Each structure stands twice: as structure tokens, then as C-alpha cells.
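Written out below as C-alpha cells is the structure these notes cover.
Side chains included, hydrogens not; waters and symmetry mates left out as well; all remaining heavy atoms used. Predicted, not measured: the structure shown is a model, and the values here were computed from it. Letters A, B, ... are given to chains in the order of the sequence lines, protein chains preceding strands, and every chain is numbered from 1.
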Number of protein chains: 2
Amino acid sequence: MTANRIERLVPASPRDIQPDNPCAACAVRDLSVCGALRADDVSRLNAIVTHKTLQPGEMLFLESDPADSLFVITDGSIKLYKMLPDGRRQITGFLFRSDFLGLAFRDRYAYSAEALSLTTVCRFPKDRLEALLDEFPEMERRLLSIASNELASAQDQMLLLGRKTAEEKLASFLWLLSRRATLKELDGQTIDLPMTRMDMADYLGLTIETVSRSFSALKRKEIIAFTTPQRMQIIDLPEMAALAGIEEESWEASTALR
Amino acid sequence: MTANRIERLVPASPRDIQPDNPCAACAVRDLSVCGALRADDVSRLNAIVTHKTLQPGEMLFLESDPADSLFVITDGSIKLYKMLPDGRRQITGFLFRSDFLGLAFRDRYAYSAEALSLTTVCRFPKDRLEALLDEFPEMERRLLSIASNELASAQDQMLLLGRKTAEEKLASFLWLLSRRATLKELDGQTIDLPMTRMDMADYLGLTIETVSRSFSALKRKEIIAFTTPQRMQIIDLPEMAALAGIEEESWEASTALR
DNA sequence: CGGCTCCGTTGATGCATGTCAATGTCGGTC
DNA sequence: GACCGACATTGACATGCATCAACGGAGCCG
């Protein structure tokens, strides 16, 4: 289906999309949202971007690494986190296909990025980014829009971390996953949990035990049901939304995971 | 001193800066960071921006309001917050002179904004913003850089809210205020607290009582000392940094408050 | 098959922080 | 000066979540 979309957006001859560079696909897809790309744009982008495959648990970069690249996830999932000197960890986001990361106008990354599952990313070298932005102003507008959305999600997460109870935190998290799933699978009630309980705990500012107990509480109330520990269903969507602190009129508004 | 800076950056004849529009100053100052503005740019900006004065406690906008403007704070201070349906509140940031707010590519603001002190803001109508960005590409680059910095600060705040103890939270907050103060007053040890204990509590995900007790604990350890309840001094800066979870080598890195 | 490790669940207990309440302090107003 | 309300501090007590510990299932390997 990715191929279809490229065909539609870039009515170029097939040779322009070099099959040995899988990043052409993501570059085209993620840039072209804000305007049609010409075929020669595509081949120029192909020359700039590179790709990388990550095994589960493999690091893309560390918090202190020099920030020299911007990445787009082509496939798989990644977690971002920050740590305190003594090892306490806060996961600041889970990213999936077509999400950006590494957007930092600083010399070092502000967080570490680690693959959750088998993941491929597409890399834009930062030293060529400025030139790229000058050449594709739509890309800059899009980055600004992404950053602004991420900022809004970050603020939601602050509300969650600072003011919600454990059960509300978990419900909010599952709500986000469910909204995200709705965009792809059509039922939107089935949720995959590609991360461990530990990751969820570090995302929600809890311990694994509390996450587990909150899952049990939601099961007991028949709001959710498990197929396997990594796959579940939302049974009572309205109650879930209520727990997550989402008012009905804005059910559709909140989509992004970060 | 604001005047000095304008003179330096915009060697235009004085009539270009209309004295009845105090926003000319902020527009010039905040846009011109990334490139010289010509005198006619300044007068064109004067025609677009308007200004507004807010009394302490007055709202600039509400979370659900249509997001039709971008603001720059000319003077004073503002708090941003989100609320849960039952009234629990999370302050997501305190803003001061020259900070931006309202940067949202959505139709509604993601948070409410309320003046802490007597505040003046400069308003850019959003419907003219696109055109403005097209005309001043440096402004777009600057907005992207600001958004990216705010994102980094938001992630710091998530680490704080999710993983730090009450005392560490307060120390981190005071550390930020102290870094910010360093940029202006030169000693950097004296800190003004323009917000109430309640505001600090809602920023740190605590209660006023816990904030108060944490202040007392820091006093007892002789890390800080109070002049008045709204004015204090940091006595033991290294210990403060340690509590805040900042490693020595990165003392200078963290500056922004959000 | 048995043993091992990793992950998740559940129970018992402790502690950091929330809740409730009393008191103090400062500014404003009559 | 007396009164009042808003804000801050401190103490006594309650509780939500962390901590510590036991157990069970799934995958892996000899």
C-alpha cells in the first residue's frame, strides 16, 4: 500500500525510486504530504537519505551523543527516554512508523532512542538539513507543525504525570494506543502492546507492580479484556474515556501518541 | 535598554518605530535575532501586530478557545495550564519577557494562559502568520528552533514529574529559575518567585503543603535562605544541582524554563 | 524432561506525599 | 487600630503507590 501511495503522489517513471534505497519511500511519503514532489526531487532526496536497521533493544542514539541527524521511522517502533544519574528512567514517548525523531536544534540529543521491535529508520544528515529546508519550504512548515503537535502531546503527558492516579494514567495510555490503532486497523478496540510492563511503568511514572495491578483493576471492572499479555481489547470505551479524563466532545481530537 | 537594542539592530529613522504601538519593539527584537530587518519591514510589522495589557490573574485565552493568534510577551509573566474535568490542574510552563505562546497548528489552544503579574503581550493574528512566514523565512526557522527547545524542556519536565521526589522537584525548579536569573541579574544566586506556592505545586505535581515542607527542608540543610517568601538566595549551588539531578559538566546547558 | 531466565501477577508491608486542621503573617479596608 | 481574607507554614493523620517477596507461565537450552 505504501507503493500505491507513492505511485499516486509521484507519477514518475519507476527508475526514479531506487529499489536499493528503501528510504526513498519514507522520504517521499513524509515530505509529500504538504505538496507534490517532482521526480527529480525524489532522486535528489534518494542521494541524501540513508537507512539503518535496528534489532530489538538496539540503540539508535544516546542522550549525550552529538545530534547530527534527523530520523523518520520506516517500520517498527522506538522508545525515547531520559535518565537521572542514579538510573531512574522516564520514557518520554513511543514512536511508530512515519514518526520523526532527532528534531533538536542543539548540539546533543535531549534523550536516548532505543528500538522496541525490529525497526528501520531513514536518516537525514543534519548538515544537509538546512539546505534541504531551504529547498523544500513545505518540509520546514511540516516540521514546525509536527513539533507543535508533539509539544501539545508533551503537555498532555505532563498533566498525566503530575495529576492523574495510576488507573487514570493507564487508561489514558490505552486510550492513546486505541486512537492510534483506529487509524490503521478499523475496529479500534483491539490494542497491541509491543512494549513491556517495565516500559509502560517508565512512561507513566509508575512501577511494574502498579501497572499490573491497574490492569487487573480495569479487567475486574470489565473495561478491558486480555487475549494475551501483549494483546487486549477495550470493552467499555466510554468508561475508558471517562477514566482518561477525556470529555466526550473531544474524543476525536486526541490522536498522537507523544 | 530595549531601545538601545532596537537602535543597534535597526538603523532606521525613528519615525519607523511608532511610539503608540509598543509591540513594534517586541516584534523587532524577537524577529531580528535571526537577521537584520529593514526599516520598511518594521513598519509593515507594526501594521500587523497589536498589543494587549493583562492584569494579574486575567486570562489571555482558555484551553478551548479558537487558536487564532500567536503571542510574544513584551513584559510581565504568564502561566500556562491544563485541567482535568474535576478541576485538578497541571501548570505546563511559566513564561516571561520575550517568550512565545500560542504556537499551535490546531484550531483550538491546547492550554489556558493566565497573567501572573501585570503583563503586556504582542499579538500576531494567525491568519496573517502564514503570509508572514512566507515573507520572513528566518522567522519560521526561529519558530522551529523555539518549538524544538520547548520540546526539550517539556521532556525535562516529564522526567521531573514522573521520577523525581518532592525535594528534587523543588530543587530542579529553583535551579531553572536561577539559570534564568543568571541571564539578567548578574549574581544568579538571588531568585524572585513571582508565583504563589499553589502555582509551584501545580507546576511540580505536588500540593502546597509539600512545596512548603520541601522549602523548609532545603532551608534546614542550608542550601537556600529566604529574604521574603517571594525572594530567596541559593547558598549551596553544587548541592542544589546535585539534588536537581544535573551533572556538573552540563551546568551551563539547561537554560530555558519550559 | 528438567532447569534456567525473563516477564507478569499477586500479596504483605512501609513510606512519601496527600489530606485535614490549626496557627501565623501580611496587606488592604473601614 | 480592629477586622478580614489570601497566602504560607507546621503538625497529626490517612492513603496511594513503592518496595520486598513469593509464585506461575512461557521460551530456551542442555
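Remark: B/R108 engages B/P66 in a side-chain contact (heavy atoms from CB on, under 4.5 Å) (not counting sequence neighbours). Applying the side-chain contact (heavy atoms from CB on, under 4.5 Å) rule to B/A217 yields the partners B/E167, B/R220; only residues at least two apart in sequence or on another chain are considered.
A salt bridge is defined here as a Lys NZ or Arg NE, NH1 or NH2 lying under 4.0 Å from an Asp or Glu carboxylate O, and A/E239 with A/K221 fails to meet this definition. Salt-bridge annotation for A/R180 and A/D99: present, with a side-chain N of the basic residue lying under 4.0 Å from a carboxylate O of the acidic one.
For B/F226 and C/dC26, the CZ to C1' distance is 16 Å, given to the nearest whole Å. To the nearest angstrom, P of C/dG18 lies 10 Å from CG of B/L204. At whole-Å resolution of the value, CD in B/E168 and C1' in C/dA16 are 12 Å apart. A straight line from CE of A/M198 to C1' of C/dT9 spans 15 Å, rounded to a whole angstrom.
The span of DNA chain D lying next to chain B, judged by atoms under 4.0 Å from heavy atoms, is bounded 5' to 3' by D/dA8 to D/dA12.
Remark: the B/S172 side chain and the B/K164 side chain contain an N/O donor-acceptor pair separated by less than 3.5 Å. Judged by distance alone, the side chains of B/S117 and B/S77 do bring a donor and an acceptor atom under 3.5 Å apart.
Scanning all heavy atoms of the two residues, the minimum distance from A/R163 to B/A201 falls at NH2-O, 3.2 Å.
A/Y109 places none of its side-chain heavy atoms less than 4.5 Å from the side chain of A/L80.
Aromatic rings of A/F226 and A/F215 (six-membered ring for Trp) have centroids within the 6.0 Å cut-off, being under it.
If A/Q230 and A/R163 are placed on DNA chain C by their nearest nucleotide, the residue sitting closer to the 5' end is A/Q230.
In this structure, B/I208 reaches neither bases nor backbone, as no heavy-atom distance under 4.0 Å exists between it and the strands shown.
In this model, the phosphate group of C/dC7 is not approached by any side-chain N or O of A/T196 to a distance below 4.0 Å at OP1 or OP2.
Annotation: proximity of residues 210-219 of chain B to DNA chain C (heavy atom, distance under 4.0 Å) is found for B/T210, B/R213, numbered in ascending order.
A parallel orientation is assigned to the rings of A/F61 and A/F71, their planes being inclined by less than 30° (bins at 30° and 60°).
Residue pairs meeting the salt bridge (Lys or Arg N to Asp or Glu O under 4.0 Å) criterion with at least one member in residues 72-81 of chain B, sequence neighbours excluded, are B/D75-B/R97, B/K79-B/E114, B/K79-B/D199.
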Tabulated below should be each protein N or O lying under 3.5 Å from an N or O of nucleotides 21-23 of chain C; please produce it.
none

